[in-house]
Amino acid sequence: MSELNRYAIELLSSPLAVRVDFHEELGSTQERGRKLAHAGAPHGTLVVSRIQTGGRGRLGRGWVSPSGGLWMSLILRPGILASLAPRVTQVAAVGVAKTLWGLGIEARIKWPNDLLVLKPGEAEGRKICGILAESSVDNVPVAAKGPGDSDAGDHRLNFVILGIGLNANLDPEDLNVFDREVATLRSELGHDVDLVQLLSSLLSNLNDELEKIKDFGVVLDDWRALNCTLGKSVRVRKFGEVLEGRAVDLTPEGALLLEASGDTIELFEGEVDHLGQGEA
Ligand code: BTN
């Protein structure tokens, strides 16, 4: 097994590791990435830490990050408008899913951005990877190039910090998650993986998907093929509101279409629970 360190990552020569910021221990790679991005770090700056002492998940949750996991944040400057920023989440989920399939793990994407391992017939599944995409938007609106310019008034996306937490060479118990089941590469494969090779494959898949961000329909087709949410009865929590219904499809911009009480609702964020048969 190769050791995960700055030198080994630089040797990958990935366009998503043009600058490598490696730490033995850090509060959160996400915070570090944001700081570097504000200081002007380029697209493809990669922050990795062996341990995070203050890892952050979505919706203000913590993310337990002991040694053995792959904890990283990427600074991306994808050159798209701010209104298209949610695409980064789906692009990343497809890239991570393809990486896991490459290892022989048939992971599924739970909308918007969890990677789950499910046994046949299982509704909820066990989370193996979490994704956190946080954007920074330019203050100045895009000026109209001419009459009817649909980009006018939108803002440019300054950067996205794409955080990925992949439970790799760990036992599920190491993660101290008590309210749901979690999975790790070790629990699924029965052995540890080479973290440098894992990172290499992940960066390569992420880069391939990012190149399709302007041709997003192709990414969404892969997302649909890899997801486990569409077609299911779900409960969605969004800013204190709870909605129940059937997840029918994604919009062309990746929002979830929920059929509930005869209406179709478009959701750009929320926390989804898959319900068992007959629960909704
Ligand atoms: C979630 O599913 O809630 C998202 C989890 C994201 C965790 C990763 S670990 C690397 C990066 N640094 C953080 O503090 N969070 C993200």
Side-chain angles (χ1 to χ4, degrees), residues 4 9 16-17 20-38 41 45-76 85-86 88-97 99-100 107-118 124-136 159-170 172 174-185 195 198-199 202-203 206 227-229 236-238 256 268-274:
L4 186 67
I9 301 172
L16 294 183
V20 179
D21 187 64
F22 184 86
H23 300 261
E24 289 297 322
E25 188 175 303
L26 198 60
S28 161
T29 57
Q30 207 68 2
E31 302 318 321
R32 174 77 180 154
R34 178 178 297 275
K35 200 172 151 201
L36 293 175
H38 278 299
T45 299
L46 175 65
V47 184
V48 179
S49 186
R50 203 182 298 285
I51 296 171
Q52 291 186 118
T53 52
R56 287 200 294 108
R58 287 175 66 229
L59 308 170
R61 297 199 188 104
W63 186 264
V64 178
S65 318
S67 174
L70 184 57
W71 321 125
M72 57 176 259
S73 297
L74 262 170
I75 297 174
L76 302 175
V88 173
T89 293
Q90 269 101 22
V91 159
V94 170
V96 175
T99 305
L100 293 171
R108 297 274 164 196
I109 306 166
K110 175 178 144 184
W111 187 89
N113 56 0
D114 288 347
L115 273 296
L116 304 183
V117 179
L118 293 104
E124 199 41 52
R126 289 160 295 129
K127 182 158 163 174
I128 193 161
C129 178
I131 295 169
L132 182 63
E134 297 176 311
S135 310
S136 164
F159 60 79
V160 178
I161 308 297
L162 175 64
I164 297 179
L166 180 46
N167 305 334
N169 299 335
L170 293 158
D174 297 336
L175 295 164
N176 297 331
V177 179
F178 304 110
D179 56 342
R180 60 203 150 89
E181 281 196 82
V182 291
T184 67
L185 294 185
L195 291 180
L198 174 68
L199 180 62
L202 179 57
L203 294 178
L206 288 173
N227 94 94
C228 60
T229 297
V236 187
R237 289 188 191 84
K238 195 188 146 207
L256 183 67
F268 270 98
E269 54 200 320
E271 186 66 2
V272 168
D273 287 325
H274 292 159

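Both ligands and their constituent atoms are indexed starting at 1 by order of listing.
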Main chain of [Y], side chain of [X]: is a donor-acceptor contact present, judged purely on distance under 3.5 Å?
X: Thr89; Y: Asn113; answer: no
X: Glu25; Y: Thr53; answer: no
X: Trp71; Y: Pro66; answer: yes

Among protein heavy atoms, which lies nearest [atom], and at what distance?
atom: atom 11 (C) of ligand 1; value: Thr29 OG1, 3.2 Å
atom: atom 6 (C) of ligand 1; value: Arg56 O, 3.6 Å
atom: atom 3 (O) of ligand 1; value: Arg58 N, 2.7 Å
atom: atom 5 (C) of ligand 1; value: Trp63 CE3, 3.4 Å

Check: Is there side-chain contact between Thr29 and Val48, with heavy atoms separated by less than 4.5 Å?
Finding: no
Going by the order shown, which atoms of ligand 1 are within less than 4.0 Å of some heavy atom of [X]?
X: Ser28; answer: 12 (N), 13 (C), 14 (O)
X: Asp114; answer: 2 (O)
X: Lys127; answer: 1 (C), 2 (O), 3 (O)
X: Gln52; answer: 9 (S), 10 (C), 11 (C), 12 (N), 13 (C), 14 (O)
X: Gly55; answer: 14 (O)

Notebook entry, point to check: Where on Ile164 is there a heavy atom closer than 4.0 Å to ligand 1, on the side chain, on the backbone, on both, or on neither?
Noted result: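 Just the backbone.
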Note to self: Using 0.5 Å steps for rounding, measure from the CG atom of Leu115 to the CD1 atom of Ile109.
What the structure shows: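 Answer for the CG-CD1 pair, Leu115 versus Ile109, is 6.0 Å.
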Notebook entry, point to check: CG/Asp114 to OG1/Thr229 distance, rounded to the nearest 0.5 angstrom?
Noted result: 8.5 Å
Notebook entry, point to check: Where do Arg32 and Leu26 come nearest, in terms of heavy atoms and distance?
Noted result: CB-CD2, 3.8 Å
Check: Leu132 and Arg58: which non-hydrogen atoms are nearest, and at how many Å?
Finding: CD1-CG, 3.7 Å
Check: Can a non-hydrogen atom of Ser65 be found less than 4.0 Å from any atom of ligand 1?
Finding: no
